[in-house]
Number of protein chains: 2
Amino acid sequence: MTDQAFEAHDHDACISGGVASVEQICADRGLQFTRTRQRVLEILLSEHKAMGAYEILDILRADGLGSQPPVAYRALEFLTKHGFAHRIERLNAFIACSHLEDPHAPVFLICRSCDRVVEAESDPSKGEIGRAAKQAGFVIERAVREAEGLCPGCSKPA
Amino acid sequence: MTDQAFEAHDHDACISGGVASVEQICADRGLQFTRTRQRVLEILLSEHKAMGAYEILDILRADGLGSQPPVAYRALEFLTKHGFAHRIERLNAFIACSHLEDPHAPVFLICRSCDRVVEAESDPSKGEIGRAAKQAGFVIERAVREAEGLCPGCSKPA
DNA sequence: TCTTGCTACGATATATCGTAACGACTATGC
DNA sequence: GCATAGTCGTTACGATATATCGTAGCAAGA
């Protein structure tokens, strides 16, 4: 259910695999995976933490790919709209998706100590939010579920 | 489990009752329920929707209670820290608590049409977030659970 | 009385996050 | 080719949030 970002793993594969998968999906769906969009995805994939739009923009600027906020926000909008990245509301920041396979309803675990973020999956229509909504006659269109705390590594005594 | 904000109710009682309850709790706990803090709570209670800090600040300014951002943010920090109000991450905005009774883990239902927000309750250690966290060995300190969609009134055909 | 510590308040300045609007370029389908 | 959708680059601005410094009031204790 969760991926392994809190544990050791082949991180280069995260990046190359992620980019290749998205490239393929875009080709299948007739989406334009432009240079800027690809670069933003790479930037997001380069860390298992959420990055602010301006932090991303700084890197784009260094790469000569655009230096004004709308450049970053447009690429992020594309990526989030198509499920290749997610916005972390709690942090006003973005992270690459780690469950590209299917339409999904992510749950995020945010470590306040090392800043790493893990994406887990589960159906929001079940569970507490769904129950609360049903009781109130509320139709859910989007659910934000983000937990903040300590990851296994950071909660261990030093 | 949910309160009645999506339905008709005696709204004056929401305000006066809310202020009185918080006043009592502050007295019990030795907290200073100052004029600005009380006014901000009243402002939040005056609507069942989330309000931005600057919207609140505009009202404070009109009341002669302070006109600079920190005035509003400090009052909001007090109210949220002690559980008298909550921050809605999805909206970068704040709402009065409607479950003052006990320590709690709120779930919010946000109507994108009429902007009303309802606070429901449930234990985050159970359910999907808790399950995901347990599986990852993650220690939850705070959980954000916000659903966006349509309330009963707004989802009915016109 | 004087000092100390604490909490709250006021004000300035700045950091951070996000979008509206416009004109130019480019990919794609006809 | 040509029309049109989509994309890009830039300017300007709006919205949200915090850092920092200084002050006022109050209570405890020397």
Side-chain angles (χ1 to χ4, degrees), chain A residues 22-23 26-41 43-44 49-82 84-95 110 112 115 144 146 148, chain B residues 22-23 26-27 29-41 43-44 49-82 84-95 115 144 146:
Chain A
V22 170
E23 196 158 22
C26 287
D28 292 349
R29 299 189 199 162
L31 301 174
Q32 296 185 42
F33 193 43
T34 64
R35 186 142 156 56
T36 303
R37 292 170 179 176
Q38 175 172 338
R39 185 68 188 113
V40 171
L41 179 63
I43 292 167
L44 290 176
K49 47 168 237 179
M51 300 182 72
Y54 280 62
E55 194 180 349
I56 291 166
L57 183 58
D58 286 342
I59 300 175
L60 288 179
R61 184 178 293 129
D63 290 352
L65 280 174
S67 60
Q68 301 306 320
V71 172
Y73 280 101
R74 285 197 283 238
L76 289 166
E77 184 186 9
F78 171 86
L79 294 173
T80 54
K81 179 176 171 184
H82 296 289
F84 306 140
H86 300 289
R87 178 183 169 84
I88 309 292
E89 301 292 345
R90 174 73 181 124
L91 304 175
N92 290 340
F94 301 83
I95 192 165
I110 306 164
R112 69 165 162 80
D115 289 331
V144 174
E146 302 168 355
E148 201 171 3
Chain B
V22 169
E23 196 160 19
C26 286
R29 299 189 199 161
L31 302 173
Q32 295 185 42
F33 193 42
T34 64
R35 186 142 155 57
T36 303
R37 291 170 180 176
Q38 174 172 341
R39 185 69 187 113
V40 171
L41 180 63
I43 293 167
L44 290 176
K49 47 170 236 179
M51 301 183 72
Y54 280 66
E55 194 179 349
I56 291 166
L57 183 58
D58 286 342
I59 299 175
L60 288 180
R61 185 178 293 130
D63 290 351
L65 280 173
S67 60
Q68 300 306 320
V71 171
Y73 280 102
R74 286 198 279 239
L76 289 167
E77 184 187 7
F78 171 86
L79 294 173
T80 54
K81 178 176 171 185
H82 296 289
F84 305 140
H86 300 288
R87 179 185 169 81
I88 308 292
E89 300 293 342
R90 173 73 180 125
L91 304 175
N92 291 338
F94 301 83
I95 192 166
D115 290 332
V144 175
E146 301 169 355

Take atom CG of B/Leu76 and atom P of D/dT18, then tell me their distance rounded to the nearest Å. 11 Å
Given atom CZ of A/Arg39 and atom P of D/dC8, what is their separation to the nearest angstrom? 15 Å
Taking the nucleotide of DNA chain D with the closest heavy atom to each, which residue, A/Pro69 or A/Phe78, is nearer the 5' end? A/Phe78
Distance col, row A/Gln68:CD vs A/Leu57:CG, nearest 0.5 angstrom, shows 7.0 Å
Which part of the nucleic acid does B/Ser67 contact within heavy-atom distance under 4.0 Å: base, sugar-phosphate only, or nothing? nothing
Between D/dG14 and B/Tyr54, counting only base atoms on the nucleotide and side-chain atoms on the residue, is there a donor-acceptor pair under 3.5 Å? no
Distance check: side-chain N/O of A/Tyr73 vs OP1/OP2 of C/dG18, anything under 4.0 Å? yes
Are the side chains of A/Val40 and A/Arg37 in contact, using a 4.5 Å heavy-atom criterion? no
Rounded to the nearest angstrom, tell me the gap between atom CG in A/Leu65 and atom P in D/dT7. 16 Å
For D/dA5, the Watson-Crick or wobble counterpart (both distances under 3.5 Å): none
In whole angstrom, give the distance that lies between atom CG of B/Asn92 and atom C1' of D/dT18. 14 Å
Within the structure shown, what part of the strands sits under 4.0 Å from A/Arg87 by heavy-atom distance: base, sugar-phosphate, or nothing? sugar-phosphate
Let me know the distance between CD of A/Gln68 and P of C/dA21, rounded to the nearest Å. 18 Å
Base, sugar-phosphate, or nothing: which does B/Arg35 touch, judged by heavy atoms less than 4.0 Å apart? nothing
Atom-to-atom span, CZ of A/Phe33 to P of D/dC8 - whole angstrom: 12 Å
When you check the glycosidic angle of D/dA12, does it come out syn, meaning within 90° of 0, or anti? anti
Pick base, sugar-phosphate or nothing for A/Leu57, based on heavy-atom distances below 4.0 Å to the nucleic acid. nothing
Return the 5'-most residue of the pair B/Gln32, A/Leu91 with respect to DNA chain C, ranking by each residue's nearest nucleotide. B/Gln32
Is D/dT11 paired to anything, Watson-Crick or G-U wobble with both distances less than 3.5 Å, and if yes, which nucleotide? C/dA20
Do B/Leu44 and B/Leu76 have side chains that approach each other closer than 4.5 Å (heavy atoms only, starting at C-beta)? yes
Spatial distance of atom CZ (A/Arg112) from atom CZ (A/Arg90) [nearest 0.5 Å]: 11.5 Å
Under a 4.5 Å cut-off applied to non-hydrogen side-chain atoms, are A/Thr34 and A/Phe78 in contact? no
Interatomic distance, A/Ile56 CD1 vs C/dG18 P [rounded to whole Å]: 10 Å
Heavy-atom nearest nucleotide on DNA chain D for B/Arg74 versus A/Thr34: which residue maps closer to 5'? A/Thr34
How close or far is atom P of D/dT16 from atom CD of B/Glu55, stated in whole angstroms? 9 Å
